[in-house]
Amino acid sequence: MKGNFTALINSDQLTLIDFSAEWCGPCKMLAPILKQVKDEMGEDLKIVKIDVDKNQNLANTYQVRGVPTLIFFKNGKQLWRKSGVLQKGELVQLAKSFL
């Protein structure tokens with residue numbers, strides 16, 4: 001995953017990484033919200049879900065201490081990060097501010 005991940009975040013396309021886990025209740029609540037965000041943003045935003053249990057090295061590299069943790073990347077730069085469930089409107093507004 002490491003090589004692909006680096007290519008993903010170095011892209012000039014805005015990418016939202018969702019660090020989550022199968023056992024995480026809030027992560028399950030966030031999934032349909034992220035789908036709505038993707039539906040609204042279309043090709044302007046790529047959303048990638050990363051399971052922290054299957055990708056522990058990646059989670060450690062980005063110091064993910066709680067799930068869900070959302071991080072926006074563009075051109076290899078971390079633009080924003082927050083842990084917890086956010087609403088669609090807030091995520092769409094943030095995404096548009098980074099385009």
Side-chain angles (χ1 to χ4, degrees):
M1 180 62 178
K2 188 70 176 159
N4 292 344
F5 186 81
T6 302
L8 269 174
I9 66 170
N10 284 327
S11 166
D12 62 355
Q13 182 179 27
L14 182 62
T15 304
L16 175 60
I17 304 296
D18 170 21
F19 286 98
S20 63
E22 290 292 322
W23 47 263
C24 165
C27 300
K28 291 181 171 80
M29 290 170 42
L30 186 61
I33 295 169
L34 292 178
K35 184 182 180 329
Q36 292 172 352
V37 171
K38 177 63 180 163
D39 289 346
E40 182 162 332
M41 295 298 298
E43 295 302 310
D44 290 336
L45 176 66
K46 177 176 270 194
I47 299 176
V48 179
K49 184 175 184 168
I50 305 282
D51 186 320
V52 294
D53 292 327
K54 294 177 183 164
N55 298 280
Q56 291 179 346
N57 288 343
L58 209 49
N60 288 337
T61 299
Y62 289 94
Q63 300 175 351
V64 175
R65 301 288 176 251
V67 286
T69 294
L70 299 171
I71 307 178
F72 277 106
F73 287 95
K74 189 172 186 178
N75 297 320
K77 291 188 175 71
Q78 181 176 308
L79 304 174
W80 174 93
R81 87 181 266 157
K82 189 166 184 179
S83 294
V85 177
L86 280 81
Q87 296 307 310
K88 175 191 163 213
E90 187 176 357
L91 286 167
V92 167
Q93 186 178 2
L94 275 164
K96 288 182 177 176
S97 75
F98 298 132
L99 292 177

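Below, all heavy atoms of this structure are taken into account, side chains as well, without hydrogens, waters or symmetry copies. Numbers here simply count residues along the sequence, with the first being 1. The shown structure was predicted, so the numbers you read here are calculated from the model rather than taken from an experiment.
In the hydrophobic clustering of ILVMFWY residues, with side-chain heavy atoms under 4.5 Å counting as a link, Tyr62 and Ile50 come out together. Hydrophobic clustering (ILVMFWY, side-chain heavy atoms < 4.5 Å, transitive): Ile71 and Leu79 are in distinct clusters. Cluster membership check: Ile47 shares its hydrophobic cluster with Phe72, using side-chain heavy-atom separations under 4.5 Å among Ile, Leu, Val, Met, Phe, Trp and Tyr.
At distances below 3.5 Å, not a single donor-acceptor pair connects side-chain atoms of Lys77 with backbone N or O atoms of Ile9. Of the possible donor and acceptor atoms, one in the side chain of Gln13 sits under 3.5 Å from a partner among the backbone N and O of Glu43.
Under a cut-off of 6.0 angstrom, the local environment of NZ in Lys82 is sparse, with at most 12 non-hydrogen atoms contributed by other residues, nucleotides or ligands. Within 6.0 Å of CD in Gln78 there are more than 12 heavy atoms belonging to other residues, nucleotides or ligands. By the 6.0 Å contact criterion, NZ on Lys74 is enclosed, its count of non-hydrogen atoms from other residues, nucleotides or ligands being greater than 12.
Here Leu45 contributes atom CG and Thr15 contributes atom OG1; the two are 7.5 Å apart, rounded to the nearest 0.5 Å. Note: Leu30 CG to Gln87 CD = 9.0 Å, rounded to the nearest 0.5 Å. A distance of 7.0 Å separates CH2 in Trp80 from CG in Leu16, rounded to the nearest 0.5 Å.
Annotation for Asp18 and Pro68: closest pair OD1-CB, 3.9 Å, computed over non-hydrogen atoms. Heavy-atom minimum distance, Val64 versus Gly66: CG1-O, 3.4 Å. Heavy atoms only, all atoms of each residue included: Val52 and Ala21 are closest at CG2-CB, 4.0 Å. Scanning all heavy atoms of the two residues, the minimum distance from Asp53 to Asp51 falls at N-OD1, 2.8 Å. Shortest non-hydrogen contact noted between Gly76 and Asn10 is CA-OD1, 3.1 Å.
Side-chain atoms of Trp23 and Val67, non-hydrogen and from C-beta on, do get closer than 4.5 Å to each other.
Tested against Leu86, the residues Leu34, Leu70, Ile33, Val37 include a single side chain to side chain contact (heavy atoms under 4.5 Å, CB included) partner, Leu70.
Using a cutoff of 4.0 Å between basic side-chain nitrogens and carboxylate oxygens, Lys96 and Glu40 are scored as salt-bridged.
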_Verdict with supporting geometry, Leu99 and Met41, side-chain contact (heavy atoms from CB on, under 4.5 Å)_ = CA-CA 11 Å; Leu99 292 177; Met41 295 298 298; 3.7 Å; yes
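Aromatic ring orientation, Phe5 versus Phe19: tilted (interplanar angle from 30° to 60°).
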